[in-house]
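Notes for the one structure printed next.
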Amino acid sequence: MNFFLETLYTLVLWLYFSLEVLVKLVLPARKKNVSGEIVLITGAGSGIGRLVALEFARLQTVLVLWDINEEGNQETARLARERGASRVHTYLCDCSKRTSVYEVAAKVKREVGDVSILINNAGIVTGKKFLDSSDDLLEKTMAVNVLAHFWTYKAFLPAMTASNHGHLVSIASLAGYFPVNGLADYCSSKFAAIGFAESVALELLVSGKNGIKTTIVCPYFINTGMFDGCKAKWPNFIPILDQNYVAKRIADAVLREQAYLVVPRSLIFMLAIKNLLPVKVGALFGRYFGLFEIMDNFKGRIKED
């Protein structure tokens with residue numbers, strides 16, 4: 001194909017895909033049936049992980065719950081059974097350790113089967129300025145928030161690839177797109193998680209594995225307890241998000257095979273123009289939206305979610 005024809009072909013498809021997005025805003029995609037699918041959720045013992053598990057429990061899925069907190073994980077399992085989950089399996093796993101992820105993943109494959117929906121949710125936040133954070137804390141942030149995704153993909157993606165069926169979900173953060181004062185390690189880990197998920201999605205596209213879907217979730221601060229003490233500067237415009245609302249949006253995004261989920265939707269515009277703004281204008285908006293001081297009253301200790 002010559003340059004002219006390929007350019008014309010690209011422009012036509014650009015127009016078509018843009019119109020497709022507009023149509024889906026009016027007529028959302030039909031929700032897929034996930035009954036019987038094996039859904040693995042990391043960090044399922046509390047917060048968003050627990051609430052997402054309960055959303056999938058209602059959909060008659062087989063739940064595989066991972067957490068470092070065994071008591072919290074068992075409580076999630078109990079609640080999931082009450083919500084109607086057909087089968088629930090709990091595993092103690094330290095997602096910051098590659099050997100633990102691989103060992104528990106092998107056990108899951110033996111005892112439950114091949115995971116078809118993988119939700120990487122486990123996360124950690126230190127809430128310290130970069131120079132106040134110990135090397136160990138910085139390394140753990142990266143290990144839990146991004147390296148764990150490497151190991152879970154390595155463990156479960158081969159089976160999805162073989163059957164050309166599955167769904168990979170990365171619970172990232174808007175902090176992966178916008179820097180926040182006092183969250184250098186957290187922002188870095190979420191930048192990396194988004195980049196990793198996007199790159200793997202591209203690999204799947206190029207290899208023709210169109211039966212494996214991907215969803216990247218980028219929410220604003222959520223009231224799960226991870227960010228206790230943080231307050232939105234303009235709560236009527238961009239409030240701290242309700243965790244139940246976010247969990248429902250995540251489950252819905254998976255069911256509709258939505259590639260990106262930004263919550264709240266009002267920040268999509270800022271996300272779209274971020275790289276077009278001069279540095280000083282970007283800093284101006286950062287101050288306006290409260291990203292300079294939102295961590296000033298942070299009370300939380302290190303929490304995994």
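Count residues from 1 along the sequence. Fair warning: this is a prediction, and the values are worked out from it, not measured in the lab.
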Note, Phe221 side chain near Leu174 side chain (heavy atom, < 4.5 Å): no
Say whether Leu54 and Val64 are linked into one hydrophobic cluster, either directly or through other cluster members, by side-chain heavy-atom distances under 4.5 angstrom. no
Can you sort out the partners of Lys97 under side-chain contact (heavy atoms from CB on, under 4.5 Å), two or more places apart, ordered by chain and number? Asp94, Thr99, Ser100
Arg249 CZ to Leu241 CG distance, which is reported to the nearest 0.5 Å: 9.5 Å
What one should report as the nearest heavy-atom pair of Gly182 and Lys129 is CA-CD, 3.7 Å
Just do the side-chain contact (heavy atoms from CB on, under 4.5 Å) check on Leu261 and Gln258 with the steps written out, would you? CA-CA 7 Å; Leu261 173 65; Gln258 189 174 334; 3.8 Å; yes
Thr76 side chain vs Arg50 backbone, donor-acceptor pair below 3.5 Å: no
Between Tyr153 and Phe196, does the ring centroid distance fall short of 6.0 Å? yes
Over 12 non-hydrogen atoms of neighbours within 6.0 angstrom of OH in Tyr102: yes
Quick one: do Glu37 and Thr61 satisfy side chain to side chain donor-acceptor pair (under 3.5 Å)? Show the steps, please. CA-CA 5 Å; Glu37 300 276 2; Thr61 60; over 6 Å; no
Please tabulate, one pair per line, all N/O donor-acceptor pairs under 3.5 Å involving side-chain atoms of residues 103-111, not counting sequence neighbours.
residue, atom, partner, partner atom, Å
Lys109, NZ, Ala155, O, 3.0
Glu111, OE1, Tyr91, OH, 2.8

Full working for side-chain contact (heavy atoms from CB on, under 4.5 Å) between Arg87 and Leu63: CA-CA 6 Å; Arg87 291 160 54 198; Leu63 288 175; over 6 Å; no
Apply side-chain contact (heavy atoms from CB on, under 4.5 Å) to the pair Asn210 and Asn164, showing each step before the final yes or no. CA-CA 7 Å; Asn210 56 5; Asn164 192 23; 3.5 Å; yes
Please check if the side chain of Asn145 supplies one atom and the backbone of Ile124 the other of a donor-acceptor pair under 3.5 Å. yes
Polar side-chain atom of Lys31 near backbone of Arg256 as donor-acceptor pair, under 3.5 Å: no
Do the side chain of Thr214 and the main chain of Leu168 share a donor and acceptor less than 3.5 angstrom apart? no
So if I apply the side chain to side chain contact (heavy atoms under 4.5 Å, CB included) rule between Ile212 and each of Val200, Leu157, Leu205, which one comes out positive? Leu157
Quick one: closest heavy-atom pair of Gly166 and Met160, and the distance? CA-SD, 3.9 Å
For residues Phe150 and Ile171: do they belong to one hydrophobic cluster (side chain heavy atoms under 4.5 Å, members Ile, Leu, Val, Met, Phe, Trp, Tyr)? no
Looking only at side chains, do Asn120 and Thr152 share a donor and an acceptor under 3.5 Å apart? yes
Check against side-chain contact (heavy atoms from CB on, under 4.5 Å), Leu15 and Leu11: CA-CA 6 Å; Leu15 177 61; Leu11 291 174; over 6 Å; no
Side-chain donor or acceptor of Asp67 paired with backbone N/O of Glu70 under 3.5 Å: no
So, the side chain of Ser96 versus the backbone of Ala143: is there a donor-acceptor pair under 3.5 Å, distance only? no
Residue pair Ile41 / Gly49: nearest heavy atoms and the distance that separates them: CG2-O, 3.9 Å
I need the minimum non-hydrogen distance between Ala247 and Glu55, along with the two atoms involved. O-CG, 4.0 Å
Does atom NZ of Lys32 have more than 12 heavy-atom neighbours from other groups under 6.0 Å away? yes
So Glu203 and Glu198, do their side chains get closer than 4.5 Å, heavy atoms only? no
Just how far is it from atom CG of Leu204 to atom OG1 of Thr161, taken to the nearest 0.5 Å? 6.0 Å
Near Glu257 CD, under 6.0 Å, is it more than 12 heavy atoms from other residues, nucleotides or ligands? yes
Any donor-acceptor pair under 3.5 Å linking the side chain of Lys209 with the backbone of Val206? no
Whether over 12 other heavy atoms sit under 6.0 Å from Asp132 CG: yes
4.5 Å side-chain heavy-atom contact, Leu137 and Lys128: yes
Distance check, rounded to the nearest 0.5 Å: Ser35 atom OG versus Phe56 atom CZ? 12.5 Å
Do Val281 and Phe178 land in one hydrophobic cluster if side-chain heavy atoms of ILVMFWY residues count as linked below 4.5 Å? yes
Taking atom types as modelled and ignoring hydrogens, do the side chains of Asp185 and Thr126 form a donor-acceptor contact shorter than 3.5 angstrom? yes
Indicate yes or no: at least one non-hydrogen side-chain atom of Tyr177 is less than 4.5 angstrom from one of Ile194. yes
Between Pro264 and Tyr220, what is the shortest heavy-atom contact and its length? CD-CB, 3.7 Å
Spatial distance of atom OG (Ser46) from atom CD (Glu71) [nearest 0.5 Å]: 11.5 Å
Just by modelled atom types, is the Asn121 backbone N or O under 3.5 Å from a matching donor or acceptor in the Thr42 side chain? yes
Identify the two heavy atoms, one from Ser189 and one from Thr141, that lie closest to each other, and give their separation to 0.1 Å. OG-CG2, 3.9 Å
With a 3.5 Å distance limit and no angle check, can you tell me whether Gln60 reaches the backbone of Gly84 through a side-chain donor-acceptor pair? yes
Checking side chain to side chain donor-acceptor pair (under 3.5 Å) for the pair His165/Ser116: CA distance, chi angles, key distance, verdict? CA-CA 7 Å; His165 174 76; Ser116 51; 4.7 Å; no
Please report the interatomic distance SG(Cys218) to NZ(Lys190), rounded to the nearest 0.5 Å. 9.0 Å
ILVMFWY network linking Val34 to Val62, side-chain heavy atoms under 4.5 angstrom: no
In the structure I gave you, are the side-chain heavy atoms of Val263 and Tyr245 within less than 4.5 Å of one another anywhere? yes
Heavy-atom distance under 4.5 Å between the side chains of Trp66 and Leu40, does that happen here? yes
Taking side chain as C-beta onward, heavy atoms only, is Val88 less than 4.5 Å from Arg78? no
How long is the straight-line distance from CG of Asn2 back to OG1 of Thr7, given to the nearest 0.5 Å? 8.5 Å
I need the single residue from Leu51, Asn223, Ile222 that forms a side chain to side chain contact (heavy atoms under 4.5 Å, CB included) with Val246. Which is it? Ile222
Linking I/L/V/M/F/W/Y whenever any side-chain heavy atoms sit under 4.5 Å apart, do Leu59 and Ile38 land together? no
Taking atom types as modelled, is there a side-chain donor on Gln74 or Thr90 under 3.5 Å from an acceptor on the other? yes
